[in-house]
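Heads up, the thing below is written out as structure tokens.
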2 protein chains.
Amino acid sequence: MAGRAAVPEVIWARPERTGRGPKPAFTRADIAAAAVRIADAEGLDAVSMRHVAAELGCGTMSLYNYVPRKEDLYELMVDAVGAEHELFEPTGDWRADMLRNAGQTRAIMYRHTWVPRLMSGVFGFSPNTLRYLEHCLACLEPLDVPAGTKTELIALLNGVVTTYTANDIATVERTRSMPWSVEEENAVRMAYLGSQVATGAYPRLAAAFMEQSGPVDLEAVFRRALERVLDAYDPGLR
Amino acid sequence: MAGRAAVPEVIWARPERTGRGPKPAFTRADIAAAAVRIADAEGLDAVSMRHVAAELGCGTMSLYNYVPRKEDLYELMVDAVGAEHELFEPTGDWRADMLRNAGQTRAIMYRHTWVPRLMSGVFGFSPNTLRYLEHCLACLEPLDVPAGTKTELIALLNGVVTTYTANDIATVERTRSMPWSVEEENAVRMAYLGSQVATGAYPRLAAAFMEQSGPVDLEAVFRRALERVLDAYDPGLR
DNA sequence: CCTAGTTACGTACACCGTACGTAGTGCGCT
DNA sequence: AGCGCACTACGTACGGTGTACGTAACTAGG
């Protein structure tokens, strides 16, 4: 007599064990780990209820005892990789500390290229997210601005990290299920871009592309963006 | 003998008409408009090849003559709403102009709440994107920095607009197919957040939440973030 | 004119999320 | 102690998805 809820629910609020009935065969962590393993190895689209269940060695529908909706499985996955954040002791240099946090987030996303796709559009106050948020606030202790401004800085910084890293990764993730390579896809898109710029319809864009020599250093662009954002909140620079 | 391509392809590079055979019944614009209509009215998940074809009044597989893969349909949609950008004459005040551009992008996303979900993770050099980019560069003409820095500013600004607006919209889009309202969902998530903060495990987070009185003004937060980013690139402020 | 490249579209396949029903298990209460 | 109920487990089935493939009709270029 399960009966799916007709009312919203946060999976983190639902207790993992209620005492009654047979002992569950898995923990949420087991399930999250299995899903993460699949996503890492075969891409996010390979994460289906059937596939995860098979990986765990149980029937498909048994999964629904642990995870009411597939969306909740996604929340478990994001939270699971969130645990990879190292919550170090703040050094007192808030800029350096926040750069370190951002670098960790970026590293996590490069390790699990499906993360950005799940992050965008998810409210996401999971346990590990809260811990990370608290840690960021600790790092920002030396910064003398209102708490509201600090949370806005954190949000902006996280947004920038996600956006930039998502862009770097997008093609890789997309070409996963395609019969061609990342390089081929990028080459084709760049060829189109070049052909359009060559029409002369976009003079300023053309100039911008002429200016740059050699391939773009994505990591450098990323770091410059971070520095700019930090500048914008640094009272010592105003 | 259609035969899908085993090589990457940009839909914009494929000519819309090649002369041979019966006259196509629709243009790409028709198809994009139909898909946009469906997404606006019933949400992005309602945009299926069958549904779009039905809206156009043709067989499902006929669509594949115009759009080789569903992903390309998404590209058409994003490009279509990109046309809603008003490419005004730059005023000479680059900050004001860029704010205006950002405001337009945000407005478009509020009109078509599915846009952020498609934007994140898409390379996206569609015709209208290129036009918009060129227009932004025109607005930034008065700003005395290298062209590379300008494109980085545009990218950062667009990223911030997308991230913030996506967050504002996320719950609305998600609850579209759910049997409960946006307010209910938000209330539940906030209740969980409150319960966690109340445990005392997140003192700084708790302090930040105590500090704020009343509901958050999303628009104000958004504008503050934009101003910060613009500050970071304003030579007059350094 | 003919033929090759297109359009149109019905059918079919593999896969998806998940509603529902049934059977078995073991805690909590009386 | 033992009953009942909440829980786990999971097979089946339904309505949807993207799209490969085959066939028929059509028309512009040689």
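Every chain is numbered from 1 and lettered A, B, ... according to where its sequence line falls, protein lines coming before strand lines.
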CG of A/Asn65 versus P of D/dA6: gap in Å, rounded?
15 Å
If the cut-off is 4.0 Å, is B/Ser62 near the phosphate of C/dC9, judged by side-chain N/O to OP1 or OP2?
yes
Can you tell me the distance, in whole Å, between the CD1 atom of B/Ile38 and the P atom of D/dT17?
10 Å
Using heavy-atom distances to pick each residue's nearest nucleotide on DNA chain C, tell me which of A/Thr60 and B/Lys23 is more 5'.
B/Lys23
Expressed as a whole number of angstroms, how long is the span from A/Phe26:CZ to D/dC7:P?
19 Å
Could you check how far CG of B/Leu73 sits from C1' of D/dT17, rounded to whole Å?
14 Å
State whether a side-chain donor-acceptor pair under 3.5 Å links B/Asp40 with B/His112.
yes
Rounded to the nearest angstrom, tell me the gap between atom CG in A/Asp72 and atom C1' in C/dG17.
13 Å
Side-chain H-bond candidate by donor/acceptor type, A/Arg50 with A/Thr60, under 3.5 Å:
no
Hey, are A/Glu185 and A/Thr175 close enough side-chain-wise for a donor-acceptor pair under 3.5 Å?
no
Whole angstroms only, please: what is the CD-P distance between B/Glu16 and C/dT6?
15 Å
Picking from D/dG4, C/dA12, C/dA8, which would you name as closest to the side chain of B/Arg50?
C/dA12
Hey, which sits more toward the 5' end of DNA chain D by its nearest nucleotide, B/Arg20 or B/His51?
B/His51
Taking the side chain of A/Arg69 as heavy atoms from C-beta outward, which of C/dT18, D/dT8, C/dT7 is closest to it?
C/dT18
What's the closest nucleotide to the B/Pro22 side chain, out of D/dG18, C/dA8, C/dT6?
C/dT6
Only one of A/Asn101, A/Thr162, A/Thr105, A/Leu226 clears side chain to side chain contact (heavy atoms under 4.5 Å, CB included) with A/Leu157; which?
A/Leu226
Would you classify B/Ala53 as touching base, sugar-phosphate or nothing, given that sugar-phosphate means primed atoms plus P, OP1 and OP2, and contacts are heavy atoms under 4.0 Å?
nothing
Whole-Å distance separating the CG atom of B/Leu63 from the C1' atom of D/dA20
16 Å
Taking D/dC21, C/dT7, D/dT17 as options, the one with an atom nearest any side-chain atom of B/Lys70 is D/dT17
Between A/Tyr64 (OH) and C/dC16 (C1'), how many Å, whole number?
9 Å
Once the angle between the rings of B/Tyr132 and B/His85 is folded into 0 to 90°, is it parallel (under 30°), tilted (30 to 60°) or perpendicular (over 60°)?
parallel
Nearest listed nucleotide, side chain of B/Met49, among D/dC5, D/dG18, C/dA19
D/dG18
Does D/dA9 have its OP1 or OP2 closer than 4.0 Å to a side-chain nitrogen or oxygen of A/Tyr66?
yes
B/Ser48, nearest nucleotide to its side chain (from D/dA9, D/dT17, C/dC9)
D/dT17
